[in-house]
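Whatever order the structure lists them in is the order used to number ligands and atoms, beginning at 1.
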Amino acid sequence: MRTDTGQVFKLEDYRPSNFLIPKTKLSFRLDPDRTTVVSELTVERNAETSDGTPLVLDGDGLTLVELEIDGEKVGPNAYDLTPEKLTVHALPKRKSFRLKVTTEISPSTNTALMGLYRSNGVYCTQCEAEGFRRITYFLDRPDVLSVYTVRIEADRKDAPLLLSNGNPSDAGELDGGRHYAVWEDPFPKPSYLFALVAGDLGVLEDRFTTMSGREVALGIYVEHGKEPRATYAMDALKRSMKWDEEVFGREYDLDVFNIVAVSDFNMGAMENKGLNVFNDKYVLADEETATDADFANIEAIIAHEYFHNWTGNRITCRDWFQLCLKEGLTVYRDHEFSADQRSRAVKRIAEVRTLKAHQFPEDQGPLAHPVRPRRYREINNFYTATVYEKGSEIVRMIRTVLGREKFREGMDLYFERHDGDAATIEDFLRVFEDVSQKDLSQFALWYHQAGTPNVTVKASHDAQRAELVLDVEQSSPPTPGESRKRLMHIPLAFGLVGPSGEDFTWDTAEGASIENSILHIRKRKHSIRFTGISERPRVSLNRGFSAPVTLSVEEKPEDRAFLARHDSDLFSRWQALNTLMTEAIIEASKLIRGGKEPQFPDDLLVLCGDIAADVSLEEAYRALALTFPAEADVAREIGSNIDPDAILAARDALVAAVGSANGASFATLYEKLAAEGPFSPDAQSAGRRALRNALLDYLSASSGNPGRAAAQFEQATNMTDRSAALTTLAVRHPAAPETAAALARFEERYGSDPLVLDKWFQIQAAAPGRHSLETVRSLSEHRAFSLANPNRIRSLIGTFSSANQTGFHRPDGEGYRFFTEMVLAVERRNPQVAARLATALRSWRSLEPGRRALAREALLRISSAENLSPDLRDIVERTLA
Ligand code: PHE
Ligand code: ZN
């Protein structure tokens with residue numbers, strides 16, 4: 001494991017590399033414990049680099065075997081070796097020379113899953129961000145682009161399949177049962193996009209013809225026997241390829257495109273050129289083993305990694321500070337893809353829920369950072385919701401500010417101007433300024449300034465003068481290292497809603513620039529006066545969530561309820577209902593903390609019933625509308641002095657109240673929504689299942705009877721319905737014999753299928769209540785629990801700490817104690833996964849004082865552990881700061 005040097009990397013320290021590596025030839029002799037890597041580099045001095053400048057290559061955990069320059073051995077006096085650098089002093093005076101480096105590595109003992117490792121007997125690599133230096137010494141930085149030729153040699157029995165980036169160019173047999181393959185990638189790429197896979201895998205094959213008639217061979221490699229479970233992923237891949245042609249004019253550029261599914265993977269998936277490597281969770285799906293949510297994730301992630309081919313690979317990042325250049329943009333692209341494949345409104349609501357659940361707490365806590373950070377200690381810790389999701393929101397706002405056509409023109413210019421470049425956020429913004437002639441300098445603050453801006457709005461209507469005045473004020477709270485904030489450019493979509501739900505138009509409006517129903521907030525305060533408004537309208541704000549801000553609106557609950565029923569913008573309609581629900585839970589939790597009975601407004605119970613029954617709305621939409629804000633969402637809205645037990649009690653009471661108030665109609669609808677015909681993962685069928693399963697939860701919560709959920713569990717013909725029934729049993733009827741029986745049946749039936757067993761761990765880890773800790777602790781001793789598999793760790797420990805507020809934040813601190821033990825155990829093998837787990841404590845300061853003190857102790861316990869990895873130390877120290 002690397003030692004923590006405490007070094008901080010700063011954006012302003014960026015300097016172009018002294019040396020370039022136009023060509024890289026790699027040769028691998030694969031062996032589980034002793035793999036030999038021979039790297040032959042064509043090294044070139046940069047124009048400004050003097051003859052005396054040494055060549056400093058990055059390395060991490062490598063054994064150097066031999067070094068040659070232009071065919072001559074380099075002796076140990078001519079170089080310096082530290083654990084992290086190989087510095088070669090004596091270099092030829094020529095502009096360009098050949099460097100040959102031979103190293104040895106051990107894939108079988110690589111538990112960090114960075115560099116070359118083994119997953120289930122398959123050799124695979126993960127190089128982003130800085131894993132290539134764990135394979136060979138290199139200029140391991142994204143602005144050093146090289147054309148790669150890769151030769152792989154392995155035992156044929158062990159590894160009949162030999163894959164790397166680019167196109168296959170040669171293959172053959174060798175003595176002793178060994179064989180080899182050669183791959184050539186004509187596109188210059190940074191080292192983080194290198195990949196190699198070797199092993200014994202099954203394949204699902206297909207073809208795609210691009211818009212210019214290029215034939216591409218597609219392959220998805222999975223464990224033998226699981227090929228049929230890759231069908232949906234293949235379909236999603238072909239739809240992604242077509243969509244990128246149609247919507248962005250982007251065509252695929254190699255003869256082959258391969259995807260490999262591996263079971264041990266730190267993240268979701270990786271966009272290596274021509275050879276995407278996936279967490280098998282985001283490839284394998286069929287009705288028996290995957291939920292509708294899994295299908296939707298697979299579609300989105302397959303698309304995401306494919307879209308990286310242009311936004312990430314053809315145009316890459318100059319340095320890791322620019323990570324959002326590829327990630328934010330590619331998330332935006334995959335969001336648009338899913339919106340086009342499914343329901344746009346439903347997709348948007350789901351996106352915003354994710355943003356609020358993950359990015360808002362990050363932006364409002366100790367780990368807040370700008371979308372383009374200016375400093376980092378460990379880049380692995382910056383693959384965050386801020387870089388990804390807020391990064392995507394910024395791209396979306398660019399489209400809002402410029403309009404659809406100019407946005408597309410800007411993207412075309414970006415591809416034309418920067419193809420083959422390692423680019424920056426400034427490059428990206430400039431193309432949009434160039435095509436639109438707009439000054440985006442204030443807008444650019446979205447990249448540079450951390451924190452979620454708040455917008456306060458007050459509406460006053462004067463019937464006599466037929467005027468409406470909106471008083472709008474923006475503010476941005478301080479974030480770590482940034483106490484004073486500058487004023488942002490906030491594009492706020494809005495509508496003035498009349499008494500029958502239609503939008504009012506106005507005669508004149510002054511006080512801010514308004515284009516196509518977008519208010520452009522640029523100053524601290526705007527007073528916007530609309531004339532020609534004789535009746536008092538309801539103001540629908542931030543429609544479609546046009547800007548990632550929090551809103552404080554002085555508004556009567558009746559107005560909010562009106563918008564929840566009538567707003568023509570489906571997103572805002574959902575938002576209005578969601579706010580009503582959140583407020584009701586907050587009020588009830590206050591009563592509960594004061595020792596009183598919770599109470600709920602009847603209107604809200606009726607409103608929920610009406611929405612469930614409103615056939616003019618899509619079923620998926622109704623399901624989302626009926627999904628109550630999670631406990632953590634409510635906690636975020638409360639902001640301080642949080643008592644998770646009171647929130648859970650209030651939320652449960654509201655679910656039960658809605659269920660009782662609408663019992664008969666929910667039961668009828670539940671029956672009516674039963675499946676007919678064969679399973680289909682399409683959005684409409686998924687929506688029907690989602691609504692039905694939401695109703696099941698209400699009915700179970702209000703009746704206290706596990707019968708319906710138990711029956712659904714038994715009769716389910718797909719994983720969506722089965723796991724939803726199991727969840728309802730575990731959450732609503734934890735002590736019922738039906739629940740224990742269903743859990744046992746599920747384990748028995750799916751015990752040998754890791755992805756399904758993950759669900760079993762997850763459902764139990766999420767079931768709330770103080771006693772869930774005992775369950776989770778004993779599951780951590782289950783024979784199928786393993787610290788070697790990141791998916792399993794996330795299913796149990798990740799779910800418990802992020803989705804089980806009452807168990808994790810137990811008032812006696814035992815939840816934290818268990819958690820710190822696990823985090824430290826994980827970090828010994830895999831620091832990256834441990835660091836991500838540890839972010840579960842980021843909102844510790846908003847807890848009530850007792851829990852706050854215990855959470856702080858837990859963080860201190862982690863930080864005082866010996867030999868902490870840079871990954872975990874960085875997270876813990878920032879969280880405590
Ligand atoms: N670049 C990957 C993506 O598509 C994420 C990733 C980062 C995967 C680092 C592995 C390691 O978002
Ligand atoms: Zn990505």
Within the 4.5 Å heavy-atom criterion, are F800 and M822 side-chain neighbours or not? no
Can we say R318 and E426 salt-bridge, meaning some charged N sits less than 4.0 Å from an Asp/Glu carboxylate O? no
Below 4.0 angstrom from a heavy atom of K326, which ligand 1 atoms are there? Numbered from 1 as shown, please. 1 (N)
Is the closest side-chain heavy-atom distance between T289 and R229 below 4.5 Å? yes
Under-4.0 Å heavy-atom contact with ligand 1, by part of E128 that carries it: both
Whether E393 and K390 form a salt bridge (side-chain N of Lys/Arg under 4.0 Å from carboxylate O of Asp/Glu) is what I want to check. no
Are W320 and E128 close enough that some pair of their side-chain heavy atoms sits under 4.5 Å apart? yes
With the threshold set at 4.0 Å, does a side-chain nitrogen-carboxylate oxygen contact exist between E271 and K326? yes
For ligand 1, find out whether one of its N or O atoms is nearer than 3.5 Å to an N or O atom of E327. yes
Could you go through D244 and R333, starting from their C-alpha distance and side-chain angles, then the distance that decides it, and tell me whether this counts as salt bridge (Lys or Arg N to Asp or Glu O under 4.0 Å)? CA-CA 9 Å; D244 213 13; R333 277 151 53 71; 2.8 Å; yes
I need the atoms of ligand 1 closer than 4.0 Å to a non-hydrogen atom of E271, numbered in the order shown. 1 (N), 2 (C), 3 (C), 4 (O)
I'd like to know if R134 and D60 make a salt bridge, using a cut-off of under 4.0 Å between side-chain N and carboxylate O. yes
A student checking ligand 1 against H304 at a 4.0 Å heavy-atom cut-off should list atoms 3 (C), 4 (O), 12 (O)
Atom 11 (C) of ligand 1: closest protein heavy atom, distance to 0.1 Å, is Q126 NE2, 3.1 Å
Please report which non-hydrogen protein atom sits nearest to atom 5 (C) of ligand 1, along with the residue it belongs to and the distance in Å to one decimal place. Y388 OH, 3.3 Å
Looking only at N, O or S atoms, find the one in E327 nearest to the Zn ion (ligand 2) and name it. OE1
Atom 8 (C) of ligand 1 [closest protein heavy-atom partner, distance rounded to 0.1 Å]: A269 O, 3.3 Å
Where does Q832 meet ligand 1, judged by heavy-atom distances below 4.0 Å: at the side chain, the backbone, both, or neither? neither
Do the non-hydrogen side-chain atoms of T424 and D427 ever get within less than 4.5 Å of each other? yes
Where the Zn ion (ligand 2) is the vertex, angle from H308 NE2 to H304 NE2 to 10°: 100°
By number and element, which atoms of ligand 1 are closer than 4.0 Å to a non-hydrogen atom of E305? 3 (C), 4 (O)
As an exercise, identify every atom of ligand 1 less than 4.0 angstrom from a heavy atom of H308. 3 (C), 4 (O)
